[in-house]
Amino acid sequence: MLGSPGTLAQLRSLGFRSFSPAVNESYDDQVDGRLRLQAVLQEAERLVALPDEAWRQLRRPGGPLDAAIRHNERHVGCGALRRVLAGLAGRLLAPVTQPCQASGADHAQGGI
């Protein structure tokens, strides 16, 4: 996946698996957009040049790509992602739902 720096790390933090080590994902750490794109293109060229037997090994049932794909399907399909996101939303919104104590006034009663 090509996105902003840290995109793959963020997806992994949500419980998804990526294709590492089958795919060199070091580009995800690259902050410079041109260098990140260059690294992605180099990895794509490496993957395209793999012999057929190497691809068969990567794609075989239970192989590295298959394992990640099946995990991600289950992660989305069984509701695990929904639970992770709900927990994250709860942690993010908890401070917003607490009454403001800074001035001793409660926003619900017109305090600022």
Side-chain angles (χ1 to χ4, degrees):
M1 171 177 285
L2 177 59
S4 300
T7 298
L8 289 174
Q10 191 67 22
L11 286 172
R12 285 190 292 271
S13 78
L14 293 173
F16 287 99
R17 291 187 186 163
S18 62
F19 296 132
S20 178
V23 174
N24 177 355
E25 298 172 346
S26 62
Y27 64 86
D28 192 50
D29 299 325
Q30 181 55 253
V31 177
D32 183 294
R34 287 182 183 183
L35 295 177
R36 188 171 55 259
L37 179 58
Q38 184 178 20
V40 167
L41 293 175
Q42 286 175 345
E43 181 60 6
E45 288 173 358
R46 183 191 73 82
L47 292 169
V48 167
L50 285 176
D52 289 344
E53 181 55 32
W55 273 110
R56 277 192 285 282
Q57 289 301 312
L58 288 174
R59 294 177 49 218
R60 77 182 188 285
L65 299 181
D66 181 64
I69 290 168
R70 290 188 186 280
H71 168 85
N72 293 340
E73 287 174 341
R74 284 190 307 273
H75 187 58
V76 171
C78 76
L81 177 62
R82 198 170 317 130
R83 288 190 297 277
V84 168
L85 293 176
L88 179 60
R91 288 193 306 274
L92 290 173
L93 295 176
V96 175
T97 59
Q98 300 297 319
C100 180
Q101 300 294 325
S103 67
D106 188 345
H107 287 294
Q109 296 177 1
I112 296 179

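All figures in this text were calculated on a predicted structure; none of them were measured in a lab. Starting from 1, each residue takes its place in the sequence as its number.
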Legend entry - Donor-acceptor contact present, side-chain Trp55 to main-chain Leu47, <3.5 Å: yes

Legend entry - Nearest-0.5 Å distance that lies between atom CZ in Arg12 and atom OG1 in Thr7: 10.0 Å

Inset, instruction - Nearest 0.5 Å please: distance from the CG atom of Leu35 over to the CG atom of Asp29. - result: 13.0 Å

Legend entry - CZ (Arg70) with more than 12 external heavy atoms under 6.0 Å: no

Inset, instruction - Might you point out which heavy atoms bring Pro64 and Ala22 nearest each other, and give the distance in Å? - result: CB-CB, 4.2 Å

Legend entry - Between CG on residue Leu50 and CZ on residue Arg56, distance to nearest 0.5 Å: 12.0 Å

Legend entry - For Val23 against Glu43, the heavy-atom pair lying closest together: CA-OE2, 3.6 Å

Legend entry - Glu53 side, atom CD; Leu58 side, atom CG - distance, nearest 0.5 Å: 10.0 Å

Legend entry - Check: Pro5 main-chain N/O paired with Asp28 side-chain donor or acceptor under 3.5 Å: no

Inset, instruction - Might you work through the side chain to side chain contact (heavy atoms under 4.5 Å, CB included) test for Tyr27 and Leu37, ending with a clear yes or no? - result: CA-CA 8 Å; Tyr27 64 86; Leu37 179 58; over 6 Å; no

Legend entry - Over 12 foreign heavy atoms within 6.0 Å of CZ, Arg82: no

Legend entry - Stepwise side chain to side chain contact (heavy atoms under 4.5 Å, CB included) test for Val76 and Phe16: CA-CA 9 Å; Val76 171; Phe16 287 99; 3.7 Å; yes

Legend entry - His75 side chain vs Leu14 backbone, donor-acceptor pair below 3.5 Å: yes

Inset, instruction - Quick one: pull up CD in Gln38 and CG in Asp32 and give me the separation to the nearest 0.5 Å. - result: 9.5 Å

Inset, instruction - Mark yes or no for whether Arg36, through its side chain, and Gly3, through its backbone, hold a donor-acceptor pair below 3.5 Å. - result: yes

Legend entry - Nearest-0.5 Å distance that lies between atom CG in Leu11 and atom CZ in Arg17: 14.0 Å

